[in-house]
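Reviewing the structure listed below.
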Amino acid sequence: MSDFTFLKGSADWWRQAVVYQIYPRSFADLNGDGIGDLKGIIGKVDYLASLSIDAVWLSPFYPSELADGGYDVADYRDVDPRIGTLEEFDELVEKLHARGIRLFVDIVPNHSSDQHVWFQEALRSPKGSRERARYIFRDGRGENGELPPSELASHFGPEGWTRVPDGQWYMHLFTKEQPDFDWSNREVHEEFLQTLKFWSDRGVDGFRIDVAHALVKDLEPLPIRSSYSLEVMKADGTDPLFDRDEVHEIYREWRQLFNRYDPPRVAVAEAWVHPHRRPAYASIEGLGQAFNFDLLTSQWDADAFRGVIDDNLAFAHKTGSSSTWVMSNHDVIRHATRLVIPAGKEGVTFDAENHWYVNHRLDGDLDLAKGLDRAKAATLLMLALPGSSYLYQGEELGLPDVTDIPSDRMQDPQWFRSEGKFKSRDGCRVPLPWESSGPSFGFGPGGSHLPQPSWYANYAVSVQDGKAGSTLELYRAALAIRRKLIQGEKLSWLPSTQGTLWFEREGGWSSFTNFTDVAVALPAGEVMLASSDVSGGKVPANSTVWLKLS
Ligand code: GLC
Ligand code: CA
């Protein structure tokens, strides 16, 4: 029952799927303009199939002015001409499906780009017009309306209101090029239902929902906010800006649309909410799944991982959904680097306040060999967990983050708008090295839109392909074995010593991780796969091994 065919054919295919995230502008560039494109991805479908992944998630490829890496969408139903065409998109869907790989696209419903036709119309239309009512326009305070309508910061700093020529202001939780929609307006609902239908009809299997917790807002009185840390977000569904209970009405409506397809379309929420609020997004009457980012903020520590795993399996159980697991994505420092960044606040989070990044990114002197060991061990542990795992392009190469991109080559508004107070996310968005030489290490025949460091050569696909012991081959082996092993969604902990975790899955196999810096005894069982060499009968420091139990 548990084999590949079963997972593919059923409406439940997503429950334990492995989803590989592609950041299209940085994956593969066919025409050599330095920007990744759909043709580039089409050319790598064999590579994707060689990974034994179940689905690909494409970060935004829509027309965009790139004020926020494409998360400023100018047209939700088209492809950026720099990236490709709708015909090429159809070709990609077909080629992926032919190889048994499903496709997720990214939906950004909280805000559009300021270049979106609706926002352009709003700018041309008068105060109080139907066109302005699709966004959040308000008069300013002060004698002549010269002060913003409320004291509101934006995520990337500084302010969350921008003034337009006739004197009104519009709200934006992110950059000023990303005006927030007003979801109390029925037209906005209809528009997004059309968009979801458009992509579903084109064969898209699932959707990743950007900032899913922000759509519904209480605007009376206008919200005041100076920080976006989770600590200041109300945890009971009444926060004026985030995670309001009413947001789920939207997703119940979306679910009705998803269920009209066979198999039903699926969705995963990006919702940075208090963990106990996450299950609501993962409800099967709603989006169905939600990202669990707890491993992203966790230290490399057995107890911390155990807590995250137990909590999230319990959350998933509550809703009948399955848990998700993420070690890297386009917003965070790649885990091969992150896992050796010194502990942040209270030794719990890795660097939530960006303290290390801001002060030490250029002189950090991190132990990257240890980082890679930990990253591989963390990934094997993750892939052994019940639920679905999200991988980020390049992690299968063991890529560290590029922490020394010169400021004048950076693109991330989070860096510019905060004047370097927050980290730049560009370090995980540097185009992939496919070859160890060439103008952009095989990314394309031309250059690369973000500078690639010379050490990228050592991580190239061509260097690792077919090479025993390479990170790429470890991922391939793990994903192929996983597909055969995965049965039910039960996990049982087995007793193990301090600093280690050992758990069993149905079908008599187990995963053992040594989080410590010293080797420990290899548990009984037949070794199926290990993140480092266990031939000496020991599990080396910072390693995971999968064992068949006798
Ligand atoms: C999400 C995306 C991030 C983007 C933000 C605004 O958090 O992952 O990249 O900047 O939303 O759309
Ligand atoms: Ca290109």
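Atoms within each ligand, like the ligands themselves, are counted from 1 in listed order. Just so you know, residue 1 is the first one in the sequence shown, and it goes up from there.
Of the possible polar contacts, one joining the Gln178 side chain to the Tyr71 backbone as a donor-acceptor pair under 3.5 Å is found. The closest donor-acceptor contact from the side chain of Asp351 to the backbone of Trp356 lies under 3.5 Å. Here the side chain of Tyr76 pairs a donor or acceptor atom with the backbone of Val108 at under 3.5 angstrom. With hydrogens and angles ignored, the 3.5 Å screen pairs no side-chain donor or acceptor of Ser112 with any backbone N or O of His116.
Ligand 1 has no atom lying under 4.0 Å from any heavy atom of Gln414. Look at His155 and you'll find every heavy atom at least 4.0 Å from all atoms of ligand 1. Residue-ligand proximity: Trp272 is placed with every non-hydrogen atom at 4.0 Å or more from ligand 1.
Judged by the 6.0 Å distance and 45° axis criteria, Arg134 is positioned over the aromatic ring of Trp118. Geometric assessment of Arg208 against the ring of Phe104 yields a negative cation-pi assignment under the 6.0 Å and 45° thresholds. Figure legend: Arg102 and Trp13 shown as a cation-pi pair, the cationic atom lying under 6.0 angstrom from the six-membered ring centre and within 45 degrees of its axis.
Using a 4.0 Å cut-off to heavy atoms of His111, the atoms of ligand 1 that qualify are 6 (C), 12 (O). Below 4.0 Å from some heavy atom of Arg429 lie the following atoms of ligand 1, by number and element: 9 (O). Of all the atoms in ligand 1, the ones that sit under 4.0 Å from a non-hydrogen atom of His330 are 2 (C), 3 (C), 8 (O), 9 (O). Taking every non-hydrogen atom of Phe156 and a distance limit under 4.0 Å, the qualifying atoms of ligand 1 come out as 10 (O). Listed by number with element, the atoms of ligand 1 under 4.0 angstrom from any heavy atom of Arg425 are 3 (C), 4 (C), 9 (O), 10 (O). Less than 4.0 angstrom separates some heavy atom of Val211 from each of these atoms of ligand 1: 11 (O).
A salt bridge (Lys or Arg N to Asp or Glu O under 4.0 Å) with Asp412 is found for one member of Arg425, Arg417, Lys423 and no other, namely Arg425.
The nearest heavy-atom contact from the protein to atom 7 (O) of ligand 1 is Glu270 OE2, 2.7 Å. Protein heavy atom nearest atom 11 (O) of ligand 1, with residue, atom name and distance: Asp210 OD1, 2.8 Å. The protein heavy atom nearest to atom 10 (O) of ligand 1 is Asp68 OD2, 2.6 Å. In this structure, the protein non-hydrogen atom closest to atom 9 (O) of ligand 1 is Asp331 OD1, 2.7 Å.
Using a 4.0 Å cut-off between charged nitrogen and carboxylate oxygen, Asp182 and Lys217 do not count as a salt-bridge pair. Taking 4.0 Å as the cut-off between side-chain N and carboxylate O, Arg202 and Glu88 do not count as a salt-bridged pair.
At a cut-off of 3.0 Å, measuring from the Ca ion (ligand 2), the protein N, O or S atoms that fall short of it are Asp29 OD1, Asn31 OD1, Asp33 OD1, Ile35 O, Asp37 OD2, waters left aside.
Residues Asn329 and Gln21 have side chains that never bring a donor and an acceptor to within less than 3.5 angstrom of each other. Side chain to side chain, Glu270 and Trp272 meet the donor-acceptor criterion of an N or O pair below 3.5 Å.
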